[in-house]
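Reckoned from all heavy atoms, side chains included, excluding hydrogens, waters and symmetry mates.
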Amino acid sequence: MAKAAAIPAGVAAKADSHDHHAPPQLKVAEPPKELEREPLVLNNRSLTWITDAIAGVCEKPMPKWWWPAFILSAGTMGMMFSLIAYLISTGVGVWGLNQPADWAWDITNFVFWIGIGHAGTLISAVLCLLRQKWRTSINRAAEAMTIFAVACAGIFPVVHTGRVWFALFPGYLIPFPNSNGIWPQFRSPLLWDVFAVSTYGTVSLLFWYTGLIPDLATLRDRATHKVRRFFYGLFSLGWTGSNRHWSNYEKAYLILAGLSTPLVLSVHSIVSFDFAVSQVPGWHTTIFPPYFVAGAIFSGFGMVLTLMIPMRALFNLHDIITTRHIELMCKVLLATGSIVGYAYGMEFFIAWYGGSPYELYAFKNRAFGPYWWSYWSMITCNVISPHFFWFKKLRTNVVFVWIVSCFVNVGMWFERFVIIVTSLHRDYLPSSWGYFTPTWVDVFTFVGSFGLFMTLFLLFIRFLPAISITEVKAVTPQADPHHPLGGAKGHHH
Amino acid sequence: MNFPLFFKRILAALACVGILTFATARVLAAEHAEAPKAVAGQAAHAETPDAHGHDAHGHGGPDSSDIVQQFGYSYLTAFMFVLSLIVASMFFILIHHLFDAAWSVPVMRIAEHMANLIFPWGFAALLPIIGLALAGKLHPWMPLTDWSLTPTAAADPSLAVKSVMFNKLSFTVLLLGIFGFWAWMARSFRGYSLAQDKDGAAIWTRKARFLAGWGIFAFSVTVTVAVFLLMKSLQHQFFSTMYGVYYFAGSMWTTLATYYGITRWLQRKELRPVILPNHIHDLGKWFFAFTVFYAYIHFSQYFLIWNAAVPEETFWYVLREKGTWEHMGFLILFGHFFLPFLLLLRIDTKMSLNVMGPMIFWAWLMHYVDMTYNVMPVLYPKGLNITLWDPLCFGALVAVFGWAWLKDFRAFPAWPQKHPRLKEALVHHEIPKAGQAAAHH
Amino acid sequence: MSAKPLGLLAQFETAADIMNAALAVRDAGFKKWDVFTPFPIHGMDDAMALPNSKVGYFTFAGGLTGFFTGMSMIWFMNKFDYPLVVGGKPLFTPLFAFPVSYELTILLSAFGTLFGLALLNRLPKLHNPLFASERFKRATNDKFFVFVETADPKFSETETRALLEKLGASAIEEIQDTKD
């Protein structure tokens, strides 16, 4: 399985020719030195080293910084839940949104968080189908991020209804008739959202858990403490590494990747339907589905870099999350950032080309109206900042990459704010124009959601392997029975 | 579960015949039917031909009895079809370089020569289009000479803004400029590739990557503009931000089917030493992926326009739900998506010539139907109207471009001889048998 | 606790060794045996002559159920049981019912896949006689194992052991049935 990228091409071709039909008559030269691919795991680490390095992180006591970080995150999370309690007990008036901007920070935060989640699924599913083996070092943590981000996202649409018990009670979100016998109506994109987000959360969790099973078995077998052995044993379901199991497992994993790929496209498409099926100028545009998906991947990779760069340094994982990984992620940022840029441009172009005066006004108002600062923050962060990554020097400078990744996070939050608030605050009737300003409750609820996210993430690196032990091993030359490092002795069978 | 070959062949043929029969039956039924039923929720404007309640804004509507227009629209449909192959080949090359891909190396020359059809053949084919457009035979709403007669922004804002792009000068210069850029880009890529055949130097790869880097931006913008100029603007009131992506998605789909066919054919000839089963499988997978991607894009466009029900946009689909056009729409839904999707869901069908062979021709037919669906309702609002021009134009363009491609292909080495990833491309990846795993390859 | 021998567990050091061993054990005609590796090894399914995995059928069944559940649920709720015109849209069309049905397709496909995986692998199975072996703990770390069951008609304590030794096993131990 580990062929191509991880090992010198000459060895691979030779090893393969015995049982496959690599054309023997063709003499192909090695690529020029400067174009050779870099290995995925540096310094030729052994299988044992990989297990120790990754499993060691969650087996040893956490480093000194972990507890302060955890307490800070948990405190921030507590603040969010207190503010939600305040919101529910008082009413949505504690937020700044009001006619005409009925959606503001709440839905902005929802779309922001759900977008962050998309990198995880993209890395684990799409890159798996594309045979991008570099994903193995980052997919586990990215998938965990997905789940935590979906958890953060789910909070906002629920609490923004104000009287939450009606939202959760029969007849609004859950397909169950209300007291008048009326069912929820499925012509509303908000109900599509309910299904999309809950499916996304569930399938991501299943996918993540499926990937974890063999690693949990590793932790079970290494556990020295009874309690740990019990829990890892319970959740690893009695995994043994049997090849009869691997056979089904790999098939299931491939299918889950195949299912998650259209799922990840559909989720943000459906989120974009919340806006695009309406008639609001600035919201109704047909490019929204793919544009939202690209934006989500963009923001997700931004967040992956923001978290992974410190994690790699703090736990000394430089041989597994290599500079090449970081570079590749920068290229994904560059590509998706450019797609987002294309969509911004296309929106403006069509606003002019379509000749609808309302549409044109909505876009002029975005860039030069009272919220011009948010629009230009978005452009700076999303369209301009990724273009530094044209330069290899900057892509390989981790501090710089980290700073740009933070810009991307900020920019993508602004994007959703721009779409939602600037389109709503001035529509057809100038008499009902307004200007939205957030209250302190808005601000701190959003800040608090980072607390929830970080708390979950810190617990994750405390108890679970943050990198897939199994999959990293599988892309090393040691895992390849046809490679000398995998024990091959020139010829066999 | 392994069906015998002839059974698979019969199954695939039956499905094709079934869909065609279904479509024909519906077409015939519709000709005897009453006025088309209005879709609930769109009833209000279902009867009006366009957003503004009249056909052609006083510039003389398309005239389906004018033989020049008949020819013009048929020619445009065929032209958009062959342009698809060129444009998608260009994208294939760009992505190959950007991703530093290995699997696509053996089929690179197929793409490089196809992209290079843009010059001189693409140019030659474009000239009649420009001529027809400037003679007012394609965009009947275009005032061409005197935009001062154009309704003011107050009367028809959607027409007023178009004077910038749709006057004789801009239209010609934009199209020639775009085609010129494509020709230059395609030439450069093939030039680098051929130069590397001789010395295998890294510099050619570096140059190609650099060009691909900025080229992808220029490419996406130029494709969008070209499609707007040539196809979307036939009904000037229509606007859809997705339209460029829509044309691109369909183009990639057809082109991948074409590559698949050519690869299977040359596998036993020129490309014999370099084509492994996994290359065939990869092409099949990409074809499958674009089956889904096209459906996603087209569904999204339709779905958003249907839901919002803004008359400025719905008129475009309302026109295409009249008469037999409605059935062409269903043919696209089932033939462009459901049939290939369900047939290719299994791993092994992507390798089976019995399934993929007919599928290639089917993909060509479906893409042609798709182009027809975009172009023809403007001229024939009552329903599908096949004239002799259709097979003539299509046959002529495909014959010329096919011959030109073959001539180029035979003139140069059949694959990039010293491509740095050729070695890697020749490493076999196991193709999962039906129902077997290969998640980690 | 009875101590019935269940089979022989042989440890191998490299991916190539285990591959060789699997081929040899297969060719010797064994049926009740298995290979244990820390990660899936490319080509091992063929080396063990395993049939194709059946997981896909569970996925397909799940997906089909999901899609039709979605469509019929929406039809029943919005068109049949309590028709209510909203936004000038038809009471039912597959069009607006598509997003939800699509999500349910994916959801139930995923559940179907995992259900199929658990069923085919007979998991969870928390008790396993192999876990009694201290050596076997490294099957999830860096060692490779072949386990041949005594229940196999070809099994013979001496010959099988000799075969495994010849194949280069670094250690061979007997696994006991630890069940009460």
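Looking at C/Phe58, neither its backbone nor its side chain comes within 4.5 Å of chain A, counting heavy atoms on both sides. Both the backbone and the side chain of C/Met77 come within less than 4.5 Å of a heavy atom in chain A. If you measure heavy-atom distances from C/Leu120 to chain A, the contacts under 4.5 Å come from both the backbone and the side chain. Using a 4.5 Å cut-off between heavy atoms, C/Leu91 touches chain A through backbone and side chain atoms alike.
Counting only N and O atoms by type, the side chains of A/Trp183 and C/Asn78 include no donor and acceptor under 3.5 Å apart. Residues C/Thr140 and A/Trp239 have side chains that never bring a donor and an acceptor to within less than 3.5 angstrom of each other. Checking A/Asn243 against C/Asp34 by side-chain atom types alone, no donor-acceptor pair falls below 3.5 Å.
Among the candidates A/Leu263, A/Thr199, A/Leu259, A/Leu206, the single residue satisfying the side-chain contact (heavy atoms from CB on, under 4.5 Å) test with C/Leu107 is A/Thr199.
Heavy atoms of other residues, nucleotides or ligands lying less than 6.0 angstrom from CZ of C/Phe115 number 12 at most.
We find the OG-CD1 distance between A/Ser260 and C/Ile106 to be 8.0 Å, quoted to the nearest 0.5 Å. Rounded to the nearest 0.5 angstrom, C/Phe36 CZ and A/His245 NE2 are separated by 8.0 Å. Between the OG1 atom of C/Thr59 and the CD1 atom of A/Ile255 there is a distance of 3.5 Å, given to the nearest 0.5 Å.
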